[in-house]
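Read through the structure below, which is laid out as structure tokens, and then see the notes.
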Amino acid sequence: MTPEITVKQLQEELASDHPPIVVDVREAEELEISRLSAYVHIPMMELPNRLSELDKEAAYVILCRSGSRSARVTVYMLQSGFKHVRNVAGGINRWASEIDSRVAQY
């Protein structure tokens with residue numbers, strides 16, 4: 001089972017003293033539509049070549065539009081030796097519907 005975090009939990013953790021690192025795996029044109037304010041952008045297809053940019057001990061949450069791509073990336077990162085990786089259930093669209101209606105859904 002893929003470890004997940006709800007958008008409500010993410011909102012709480014982002015406000016904490018030790019927030020996770022948000023890795024947005026959407027394409028650049030998707031970020032022009034909607035995005036969170038603090039994130040690392042690594043498109044899903046670039047991730048295999050960019051894993052070395054990330055600390056395997058850090059806490060990550062993976063974000064995409066609906067949670068599908070980010071679930072695959074979460075599994076891939078865990079299989080690649082990362083210890084603390086969770087998928088944002090429902091992605092940026094759920095964030096927009098439940099947390100911040102100013103964020104565009106698409």
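Note that the structure is predicted; figures quoted are calculated from it, not measured.
The structure places NE2 of His41 at 8.0 Å from CZ of Arg50, a figure rounded to the nearest 0.5 Å. Distance NE2/His84 to OH/Tyr60: 10.5 Å, rounded to 0.5 Å. Residue Arg35 holds its CZ atom at 9.5 Å from CG of Asp24, rounded to the nearest 0.5 Å. Here the OG1-CD distance, from Thr6 to Gln11, works out to 9.5 Å after rounding to the nearest 0.5 Å.
The side chain to side chain contact (heavy atoms under 4.5 Å, CB included) test with Leu63 singles out one residue from Asn87, Leu36, Val7, Val23, and that residue is Leu36.
Using a 4.5 Å heavy-atom cutoff, the side chains of Tyr76 and Met44 are not in contact. For the pair Val73 and Cys64, the minimum side-chain heavy-atom distance is 4.5 Å or more.
By the criterion of side-chain heavy atoms lying less than 4.5 angstrom apart, applied directly or through intervening Ile, Leu, Val, Met, Phe, Trp or Tyr residues, Val75 is not grouped with Leu51; the two fall into different hydrophobic clusters. Note: the hydrophobic cluster containing Trp95 does not contain Val40 (ILVMFWY, side chain heavy atoms under 4.5 Å, direct or indirect links). If you chain together hydrophobic residues whose side chains sit under 4.5 Å apart, Val85 and Ile42 fall into the same group. Side-chain heavy atoms closer than 4.5 Å link hydrophobic residues (I, L, V, M, F, W, Y) into clusters, and following such links, possibly through other members, connects Met77 to Met45. Hydrophobic clustering, with ILVMFWY side chains joined whenever heavy atoms are under 4.5 angstrom apart, keeps Ile5 apart from Val25.
In terms of modelled atom types and a separation under 3.5 Å, the side chain of Lys56 and the main chain of Ser80 share a donor-acceptor contact. Judged by distance alone, the side chain of Glu46 and the main-chain N or O of Pro43 form no donor-acceptor pair under 3.5 Å.
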Side chain to side chain contact (heavy atoms under 4.5 Å, CB included) between Phe82 and Thr74: does it pass, once the steps are laid out? CA-CA 9 Å; Phe82 288 79; Thr74 298; over 6 Å; no

Under the side chain to side chain contact (heavy atoms under 4.5 Å, CB included) criterion, do Leu10 and Arg86 qualify, and how do the steps go? CA-CA 10 Å; Leu10 177 58; Arg86 294 171 292 167; over 6 Å; no

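Partners of Glu57 according to the side-chain contact (heavy atoms from CB on, under 4.5 Å) rule, which considers only residues two or more places apart in sequence or in another chain, are Asp55, Lys83. By the side-chain contact (heavy atoms from CB on, under 4.5 Å) test, Ser68 pairs with Ser66, Arg72, sequence neighbours left out.
For Pro20 against Leu14, the heavy-atom pair with the smallest separation is O-CD2, 4.1 Å. In terms of heavy-atom proximity, Arg65 sits nearest to Arg26 at N-CD, 3.4 Å. The minimum heavy-atom distance between Ile62 and Ser70, with the atom names listed, is O-CB, 3.3 Å. Between Ser34 and Val103, the closest heavy-atom pair is CB-CG1, 3.5 Å. Considering all non-hydrogen atoms of both residues, Gln105 and Asn93 come closest at CA-OD1, 3.2 Å. Taking all atoms of both residues into account, the shortest heavy-atom contact from Ile21 to Ala58 is CD1-CB, 4.0 Å.
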